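The figures that follow rest on heavy atoms only: side chains count, while hydrogens, waters and symmetry mates do not. Everything numeric in this text was worked out from a predicted model, so none of it was measured. So that the names make sense, note that chain A is the first sequence line, chain B the second, and so on, each numbered from 1.
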Amino acid sequence: MKTCLRFISRFIYISAERNKVASFVSSVRYYYAAAAKTLSDCRWEEGKSSDTQKWSSLEHKGPYFPPEYEPLPDNICFYYDGQPMKLSPATEEIVTFYAKMLDHEYTSKEVFQNNFFSDWKEEMTKEERKLIKTLSKCDFSQIHKYFVEKSEERKNMTKEEKQVLKEEASRLMEEYGFCLLDGHREKIGNFKLEPPGLFRGRGEHPKMGKLKKRIQPEDVTINCGQDSKIPAPPAGHRWKRVQHDNTVTWLASWLENIHGRPKYIMLNPSSKLKGEKDWQKYETARRLKMKVDSIRKQYRRDWTSREMKSRQRGVAIYFIDKLALRAGNEKDDESADTVGCCSLRVEHITLHRRLDGQEHMVEFDFLGKDSIRYYNKVPVEKQVFKNLKLFIKHKDPEDDLFDRITTVKLNKTLNECMPGLTAKVFRTFNASTTLQDQLNKLTTEGMTVEEKILSYNRANRAVAILCNHQRAAPKTFEKSMQLLQEKIQKKKEQIEEAKKELKEAKKAHKDAPSDKSKKLLEKKEKAVQRLSEQLKKLQLQETDHEENKVIALGTSKLNYLDACITVAWCKKHQVPVEKIYNKTQRDKFAWAIDMTDENFQF
DNA sequence: CGACCGACTTGCCATTAATGAA
DNA sequence: TTCATTAATGGCAAGTCGGTCG
């Protein structure tokens, strides 16, 4: 109930803030209704009948369709076996997808080429298919050049031309970018349908290069309120279906043809619907905080269970808790070979009785989500080590490490420990806990705002490292690093110079003390001090930059760190929240801003 | 159970916009 | 004011997890 009240007050505040002119009373009623719904959500044990409704009225304009294909001008041609060849528009469009990618590395991959060519052939006319037999005889270079030039032209547009484009975009946003949900105008996350193109999966994806088809209105299901105006399909077309399902949050959906999975048009994170869900997520993580000691005790007991499945489960949860691994659902072989905790294979770990001066070391090396490599050497409890040895006994490298458990079973166990608990809650919980601990540790009074921000970034970075959030090193990294180092060098020289002058001033003052010499001395002292501070700041920057080379902070900031921690920290240490959250982030975390008081601790 | 599906969150990257140095 | 760097945004792929069905 206490948390529920917190929730209500938060949203009342937001509604007051957002709709200063609008009727406060009706807003309160509105948000109170939302909060009351959440109250029943909190009581998981009471069943789930009442919490399935997501809205009571919903109206929108439907998705925005990408522009139709514009055929190439007559002087731009595809060549087959050295001969120019005019293609049908549909076939030509597919060619342009490939031609645009020509200087990308993946067009040189065999899988990409094969997938592309076989999907392309499917779409060719009979005549074209008869003529075009192998990809290696296809010459897209003229088309490629054409698009390079076009993009160059776009870059060189005048200010006025760019302005026109900008206005066009904002008109589009105004028309399609918002919906009316329970009487509130809310921003839509992705109102534009995905244009056709070639699929590029992450990592070694077996489907890379396949054709992602153009979405027709006849593929799209519309979801809106029973009494709302039904969005008009493009002229001469009709929707696949129009439904009025208020147990889901999406406005439109279609099946993408690569995996045959549904895709959705949904609300922006700034919306109440998403914000409420986000807030709930952190409340669940905070409930785990209360329970985690007993859960840890439990899984440690499981390490010595007579049952293999219990031992495996105990070790798996230990990994999820200690290392913030993902659950690791099973995957089909139609996607890249990546794993999480439950899908780890024997080949992904190496056991070391001793390593780097530590006992019972486990070396992890596997590809996780998005084919990002997870490499880590961690000391584990002796009993865990023993168990791992047991798990890998008589197994081949490609066998599952945890062969007696699945994510479903694991989550079922967790849910029995605490309602709403699943594997991913541990990631949220550990991430937010880490942020809170690090902030408490790294922030001290007397720090400048810059230093505090650096501390925040450090804390943020600790979380990103825990969650293995990586990024490709920025292309300009070396250069910008060099620039920074040059600056530092220059500053050092300036300090040398200033010190020399200081020494001289000292000497002058000693030899012939006077008011003037004293003043000069003080001035020189100040100069040295100021320069040293500047140097320190630059070196701080250098460290920050270096440490951020391959670490991505955004994902954790957006998805794992309870905004209340950040907001409270900002207030407590007089750091303007805008220094930590940009506009978008402030919109997304509106539920936490202004409502969280400075004493909040996760 | 386990396969499958639907809905929703999480994740990295390319593009675009904003900012600051020259 | 222009150009180069950096930050914000949008795009969409790839996870998690609950539900259903045989």
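Taking 4.5 Å as the limit, some side-chain heavy atom of A:K583 sits within range of a side-chain heavy atom of A:R586. Counting only heavy atoms from C-beta outward, the side chains of A:M208 and A:K109 approach each other to under 4.5 Å.
At a threshold of 4.0 angstrom between heavy atoms, the contacts of A:A336 with the nucleic acid are absent. In this structure, A:Q470 reaches the sugar-phosphate backbone alone: every heavy-atom distance under 4.0 Å involves primed, P, OP1 or OP2 atoms, never a base. Among the protein residues, A:I258 comes within range of no part of the nucleic acid, since none of its heavy atoms lies under 4.0 Å from any strand. Note on A:R261: a base of the nucleic acid sits closer than 4.0 angstrom, heavy atoms only. At a threshold of 4.0 angstrom between heavy atoms, the contacts of A:P195 are confined to the sugar-phosphate backbone, with no base atom among them. Heavy atoms of A:K369 sit under 4.0 angstrom from at least one base atom. Counting non-hydrogen atoms under 4.0 angstrom, A:T249 reaches the backbone sugars and phosphates but no base. Counting non-hydrogen atoms under 4.0 angstrom, A:K207 reaches nothing in the nucleic acid. Residue A:S335 is out of contact with every strand shown, counting any heavy-atom pair closer than 4.0 Å.
Ring geometry for A:F589 against A:Y581 counts as tilted: the plane angle lies between 30° and 60°, on a 0 to 90° scale. Ring-plane geometry between A:F65 and A:W239 is classed as parallel, the angle between the planes falling under 30 degrees on a 0 to 90 degree scale with a further cut at 60.
With the nearest nucleotide of DNA chain C identified for both A:C341 and A:N190, A:N190 has the one nearer the 5' end. Each of A:T428 and A:K409 lies near DNA chain B, and the nucleotide nearest A:K409 is the one positioned closer to the 5' end. Ranked by how close their nearest DNA chain C nucleotide is to the 5' end, A:G203 and A:N268 are led by A:N268. Residue whose closest nucleotide on DNA chain B sits further toward the 5' end, between A:P262 and A:A472: A:P262.
When the P atom of B:dC8 is taken as reference, atom CD of A:Q280 falls 13 Å away, rounded to whole Å. Atom CG in A:L165 sits roughly 16 Å away from atom C1' in C:dG10 (whole-Å rounding). With rounding to whole Å, A:K166 atom NZ is found 16 Å from C:dG10 atom C1'. Taking atom CD1 on A:I551 and atom C1' on B:dG11, their separation rounds to 15 Å, with Å as the unit. The interatomic distance linking A:L484 (CG) with C:dT5 (P) rounds to 13 Å, in whole Å. Rounded to whole angstrom, the span from the CZ atom of A:R586 across to the P atom of C:dA7 amounts to 16 Å. When rounded to the nearest whole Å, the span between CZ of A:R373 and P of B:dC12 equals 16 Å. If you measure from atom CD1 of A:I215 to atom C1' of C:dG11, you get 13 Å, rounded to the nearest angstrom.
When the side-chain nitrogen and oxygen atoms of A:K424 are compared with OP1 and OP2 of C:dG15, none of them lie within a distance under 4.0 Å. For A:Y560, a side-chain nitrogen or oxygen approaches OP1 or OP2 of B:dG11 to under 4.0 Å. A sub-4.0 Å separation between OP1 or OP2 of C:dA4 and a side-chain N or O of A:K479 is absent. Residue A:T422 places at least one side-chain N or O under 4.0 Å from the OP1 or OP2 atom of C:dC17. Remark: A:T338 is in phosphate contact with C:dG15, judged by side-chain N or O atoms under 4.0 Å from OP1 or OP2. When the side-chain nitrogen and oxygen atoms of A:R427 are compared with OP1 and OP2 of C:dC17, none of them lie within a distance under 4.0 Å. Note on A:H205: every side-chain N or O is 4.0 Å or more away from OP1 and OP2 of C:dA13.
No side-chain N or O of A:N246 forms a donor-acceptor pair with one of A:S56 less than 3.5 Å apart. Judged by distance alone, the side chains of A:E167 and A:Q163 do bring a donor and an acceptor atom under 3.5 Å apart. Remark: the A:K289 side chain and the A:T433 side chain contain no N/O donor-acceptor pair separated by less than 3.5 Å. A donor-acceptor contact closer than 3.5 angstrom is absent between the side chains of A:Y146 and A:T96. At a cut-off of 3.5 Å, with distance as the only test, no side-chain donor of A:S432 or A:Y282 sits close to an acceptor on the other residue.
Of the residues in residues 321-333 of chain A, A:R326, A:A327, A:G328, A:N329, A:K331 come within less than 4.0 Å of DNA chain C through at least one heavy atom, sorted by number.
Each of C:dC12, C:dG10, B:dC8 was ranked by its minimum atom distance to the side chain of A:M173; first place goes to C:dG10. Proximity note for A:I372 (side chain, C-beta onward) versus B:dC12, C:dC12, B:dC8: the nearest is B:dC12. Picking from B:dT10, B:dC12, C:dG11 the nucleotide with the shortest atom distance to the side chain of A:K192 gives C:dG11. Nearest nucleotide to the A:R202 side chain, out of B:dC12, B:dT16, B:dA7: B:dC12.
By the 4.0 Å N-to-carboxylate-O rule, A:E105 lies too far from A:R200 to be salt-bridged with it. Ion pairing between a basic and an acidic side chain is recognised when a charged N comes within 4.0 Å of a carboxylate O; A:R286 and A:E283 show such pairing.
Annotation: A:Y106 is not in aromatic contact with A:H205 [ring centroid separation under 6.0 Å not met].
Overall, the helix from B:dC1-C:dG22 to B:dA22-C:dT1 carries an axis bend of 10° between its ends, with five pairs at each end and the value rounded to 10°.
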